[in-house]
Amino acid sequence: MAAEIHSRPQSSRPVLLSKIEGHQDAVTAALLIPKEDGVITASEDRTIRVWLKRDSGQYWPSIYHTMASPCSAMAYHHDSRRIFVGQDNGAVMEFHVSEDFNKMNFIKTYPAHQNRVSAIIFSLATEWVISTGYDKCVSWMCTRSGNMLGRHFFTSWASCLQYDFDTQYAFVGDCSGQITLLKLEQNTCSVITTLKGHEGSIACLWWDPIQRLLFSGASDNSIIMWDIGGRKGRTLLLQGHHDKVQSLCYLQLTRQLVSCSSDGGIAVWNMDVSREEAPQWLESDSCQKCEQPFFWNIKQMWDTKTLGLRQHHCRKCGQAVCGKCSSKRSTYPVMGFEFQVRVCDSCYDSIKDEDRTSLATFHEGKHNISHMSMDVARGLMVTCGTDRIVKIWDMTPVVGCSLATGFSPH
């Protein structure tokens, strides 16, 4: 069931309010019910559950529904109280929840994919259910008729999805590390562009339609901010996690980005500062500082009678340098490097103490996190993962009280 956490440490870190236990396998999705003390969870144990907070302070399941296949993704539309659950067998099932959240009625099944569903988004305006799956495609289906409207295939598993409701643009991340921007139409779609920057599979995306910013997190432990609205291809790199970045949420009001990684790390990034783009790495046959040859530069090695050196790169200027000319390490948060990275000696000397001031705060969730979602209006966050535990956090000490006007978690 659920335990209520009573400790209230007076510090700027997330406060654990409740811990929900009861699933028999990994919890793949957990969503807070707006304006209610409730959580909807979906799990690999083939159950979808609605948990409501009782007078005792504990969360108990008011709905417990068993599915035919493990649950892999979920979307909830609060105004219409519709739940869409993606399954390991590729199907998406729609349910309607009663007003008191004590009953859930099955509506229909959508044969959306041939393999595991990785993400779902419901658009009320078009009555589309859009989903991605491990059958390497994004599909959109009509919720009125239940018919397939369109599909687009990729070269690798489609792992995550975001959608702009006004323009009908879909952002699809895949396991090759690529993000594809698609314009969806009633029965067709067109590829607008592809975004390449990650060195690992894309695990999560977040789209902010106000500033027109796209954030991506990947298995290379990094986050990239893509300035879609600026049309200049500007990208910002954020490196502070030590494991796969699993979930993102951008808080438009306070210009903060919340990210979670699979090792339990929770980061809050200050995006309301002037940041610098990380440079492209330069290529050279010799060190761009001391001009000593790299080990593949046979001609210069022969001419100078010297052994070739290994090539490295300065993270601040991007120059190709040898180990001797880049022996120092430094943080450089304005460029997104929150832990120490290799810099050349001249760049190290140019970095002032104030340049090393962190632009993010890092916290420990103390459990594996595979999914996170936030109720921004109340400053609440819910995390879940392979340890079968769901945790509810008060994030207002970290992200500011302006998000939670008039809200008291107790």
Just wondering, are more than 12 heavy atoms of other shown residues or ligands nearer than 6.0 Å to [atom1] in [X]?
X    : atom1 : answer
Q186 : CD    : yes
E127 : CD    : yes
E354 : CD    : yes

message = Considering only residues two or more places apart or on different chains, which pairs with a residue in residues 96-105 satisfy salt bridge (Lys or Arg N to Asp or Glu O under 4.0 Å)?
response =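 Those involving residues 96-105 do not exist here.
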
I'd like to check [X] versus [Y] (side-chain heavy atoms, cut-off strictly below 4.5 Å). Are they in contact?
X    : Y    : value
C344 : C317 : yes
L195 : L214 : yes
K391 : K366 : yes
I48  : M93  : no
M374 : M395 : yes
N102 : L52  : yes
R151 : M141 : no
E338 : W269 : yes

Hey, is the main chain of [Y] close enough, under 3.5 Å, to the side chain of [X] for a donor-acceptor pair?
X    : Y    : answer
K316 : Y348 : no
W140 : E185 : yes
T28  : A42  : yes
R388 : G385 : no
S118 : T132 : yes
S72  : V117 : yes
S62  : V50  : yes
S373 : A30  : yes
Q24  : G22  : yes
H367 : G264 : no

- Please work out which of the three classes, parallel, tilted or perpendicular, describes the rings of W296 and F294, given edges at 30° and 60°. tilted

For T180 and T194, which I'm curious about, is there any donor-acceptor pair between the side chains at under 3.5 Å? no

| said: Looking only at side-chain N and O atoms, does R54 offer a donor or acceptor that is under 3.5 Å from a partner on S56? | reply: no

In short, N221 meets D243 closest at the heavy-atom pair OD1-C, 3.0 Å

Give the table of side-chain donor-acceptor pairs shorter than 3.5 Å for residues 318-334, with sequence neighbours excluded, one pair per line with atom names and distance.
residue	atom	partner	partner atom	Å
Q319	OE1	K289	NZ	3.0
S326	OG	C322	O	2.8
S326	OG	R342	NH1	3.0
R329	NH1	S326	O	3.0
S330	OG	R356	NE	2.9
Y332	OH	E276	OE2	3.3

Worksheet item: Would M271 and F215 count as a side-chain contact (heavy atoms from CB on, under 4.5 Å) if you check the C-alpha gap in whole Å, the side-chain angles of each, and the deciding distance to 0.1 Å?
Response: CA-CA 12 Å; M271 303 305 295; F215 297 89; 4.2 Å; yes

message = If you apply the rule side-chain contact (heavy atoms from CB on, under 4.5 Å), what do you find for L17 with L380, and how did you get there?
response = CA-CA 9 Å; L17 300 177; L380 293 177; 3.6 Å; yes

Only residue of F95, Y76, F122 satisfying ring pair (Phe, Tyr, Trp, His ring centres under 6.0 Å) with F84 is F122

Given the rule in the side-chain contact (heavy atoms from CB on, under 4.5 Å) test, do E94 and V129 qualify, once you have shown the distances and angles that lead to the verdict? CA-CA 10 Å; E94 180 185 351; V129 57; over 6 Å; no

d(I228 CD1, Y169 OH) to nearest 0.5 Å is 10.5 Å

Quiz prompt | Y163/F165 aromatic ring centres below 6.0 Å | solution = yes

Which of H23, H371, R49 passes side chain to side chain donor-acceptor pair (under 3.5 Å) with T41? It is H23

How far apart are the C-alpha atoms of C137 and H113, what are their side-chain angles, what is the distance that settles it, and do they pass the side-chain contact (heavy atoms from CB on, under 4.5 Å) test?
CA-CA 8 Å; C137 87; H113 297 274; 3.5 Å; yes

Result for side-chain contact (heavy atoms from CB on, under 4.5 Å) between K244 and one of S262, C260, S261 points to S262

